[in-house]
Amino acid sequence: MEHITLLIGIVIVTALVFDFTNGFHDTANAMATTISTGALGPRVAVAMSAVLNLVGAFLSVEVAKTISGGIIDEGSGIQPEVIFAGLVGAILWNLVTWLAGLPSSSSHALFGGLIGATVVSVGLDGVNGDAIVMKVLIPAVAAPIVAGIATLAATRLTYRLGRDRSPEDTAKGYRAGQIASAALVSLAHGTNDAQKTMGVITLALVTGGVVAPDSDPPLWVIVSAGLAIALGTYLGGWRIIRTMGKGITDIQPPQGFAAQTGAATVILASSHIGFALSTTQVCSGAVMGAGVGRKGAVVRWSTAGRMVVAWVLTLPAAGLVAGAAALLADQGNAGITAVAVLAVLACGAIWMLSRRKPVDHTNVNEVGTQEPVGAVTAALRSVAPPPAGAASAAPEDDTSEHTPEQTPTPTPAAAASSSTR
């Protein structure tokens, strides 16, 4: 019993580490567009997102129930070491994609890790195939498409409604709207992603006989999961914020407002019915929709393609790592210790690699950080009209924002006229 108690403690700590990585991995979902348009400063933005993630963790437990009693069969004989191996797979995939600056799904990394470890240790009977299809795979495909289409329509409607107003008149209102919608996304993220860790910890408690099957997460689990994801959010996943805010398309305040509102609506609706969807995929789809929705804007499809590849690989990659960890963990205490040591070494190596080219709040919007232009993007840009109100097209490697507050350069004639007065 002491062994089980110690192992459950290790699983809980590992789950909270995953929750922490989930927080800084997904900060971009709520705040990338807000930071890229200058509606909020980077530090203020992540602080607000962290607080609202914590609040959102207390609003619902439907997603937690999906994790603890939906995807994995509690009665299949899985042990805490299986959950530990699944979490290791999810954490390592989170860190690899963070290093690459790719907004992949922390949720699917967790699902893939749990499924892979369970299949290796227990067999296919340990997973509920119907729940995986209905509550994971179908939402994974549908959610970014729905968010993208909704945001495309909202962006076009927004620009149509404001076509008779000067950009200077609408900029302040849209930026205030961005702050409000970003707060809503952060709240929605807390209701969805923080609950996933609650579900994992509850599952570990059930397998260890600490709580009864089908139990709601205890209060201390809710509090600890909310604090872990909030802390991760505050530290900020600056690499992914750069990709979301600058790498997919050039976001203007009306687009940012439309994208965040559309994403928050989809996430909150899904949380209410217990769909454990990927907030990353929803928000990325919304940003793409905002790019397509603004006349003259061009989506950088090379970046979008890399993101989609990461989405597709997340479930199997995390599952393979977790499966290997489960094989080792099944060997007893020595195997569990080996998994823990290897995981710490791998995390340390990834951290050291990230220090070669650090990204933080001081350079997240730095000029010249975008990737090279792909062939599709170059072709679209060559035929697309310039954005409304833009005097000239900016060079591709210039990530500076052309916001309504910028004063256009006077023409020679205007300058001469001014000098004679």
Using only atom types and a distance under 3.5 Å, with no angle test, would you say the side chain of S49 pairs donor to acceptor with the backbone of A45?
no
Between Q255 and A290 (side chain of the first, backbone of the second, donor and acceptor by atom type, cut-off under 3.5 Å), is there such a pair?
yes
Do you know which two heavy atoms are closest between [X] and [Y], and how far apart they sit?
| X | Y | value |
| --- | --- | --- |
| I350 | L92 | CD1-O, 4.4 Å |
| A286 | A263 | CB-CB, 4.2 Å |
| L227 | L54 | N-CD1, 3.7 Å |
| A100 | R306 | O-NH2, 3.6 Å |
| N94 | N22 | ND2-N, 4.0 Å |
| V11 | A204 | CG1-CB, 3.6 Å |

To the nearest 0.5 Å, how far apart are [atom1] in [X] and [atom2] in [Y]?
| X | Y | atom1 | atom2 | answer |
| --- | --- | --- | --- | --- |
| N333 | E81 | CG | CD | 9.0 Å |
| Q178 | T261 | CD | OG1 | 9.0 Å |
| I115 | I132 | CD1 | CD1 | 3.5 Å |
| K196 | I229 | NZ | CD1 | 8.5 Å |
| T337 | L342 | OG1 | CG | 10.5 Å |
| I83 | T118 | CD1 | OG1 | 7.5 Å |

Side chains of [X] and [Y]: does their closest heavy-atom pair fall under 4.5 Å?
| X | Y | result |
| --- | --- | --- |
| L87 | L110 | yes |
| M134 | I138 | yes |
| P42 | W238 | yes |
| R43 | M48 | no |
| T21 | S106 | no |
| L353 | L99 | yes |
| L205 | V221 | yes |

Does the pair Q260 and T34 meet the rule for a side chain to side chain donor-acceptor pair (under 3.5 Å), with working shown?
CA-CA 9 Å; Q260 290 167 328; T34 305; 2.7 Å; yes
Identify whether NZ of Lys or CZ of Arg in R239 sits under 6.0 Å from the centre of the six-membered ring of F24 and within 45° of that ring's axis.
no
Walk me through whether T197 and I201 qualify under side-chain contact (heavy atoms from CB on, under 4.5 Å).
CA-CA 6 Å; T197 300; I201 295 175; 4.0 Å; yes
Just wondering, more than 12 heavy atoms not from R160 lying within 6.0 Å of its CZ?
no
What pairs of donor and acceptor atoms, side-chain ones from residues 308-318 against any protein atom, are under 3.5 angstrom apart with sequence neighbours left out?
residue: W311; atom: NE1; partner: P103; partner atom: O; Å: 3.2
residue: T314; atom: OG1; partner: W93; partner atom: NE1; Å: 2.9
residue: T314; atom: OG1; partner: A310; partner atom: O; Å: 2.6

Could you walk me through whether F84 and I12 pass the side-chain contact (heavy atoms from CB on, under 4.5 Å) test, one step at a time?
CA-CA 9 Å; F84 172 63; I12 291 171; over 6 Å; no
W220 and V223: CA distance, side-chain angles, deciding distance, side-chain contact (heavy atoms from CB on, under 4.5 Å) verdict:
CA-CA 5 Å; W220 67 265; V223 172; 5.7 Å; no
Intermediate values then yes/no, side-chain contact (heavy atoms from CB on, under 4.5 Å), L40 and I35
CA-CA 6 Å; L40 280 176; I35 292 171; 5.7 Å; no
Can you classify the ring geometry of H108 versus F111 as parallel (below 30°), tilted (30 to 60°) or perpendicular (above 60°)?
tilted
How are the rings of W351 and W98 set to each other: parallel, tilted or perpendicular (split at 30° and 60°)?
parallel
Throw together a table of side-chain donor-acceptor distances under 3.5 angstrom for residues 139-158, partners on residues two or more places apart or in other chains.
residue: T151; atom: OG1; partner: A147; partner atom: O; Å: 2.8
residue: T155; atom: OG1; partner: T151; partner atom: O; Å: 2.8
residue: T158; atom: OG1; partner: A154; partner atom: O; Å: 2.7

Determine, stepwise, if the pair S186 / N53 fulfils side chain to side chain donor-acceptor pair (under 3.5 Å).
CA-CA 5 Å; S186 297; N53 264 306; 5.0 Å; no
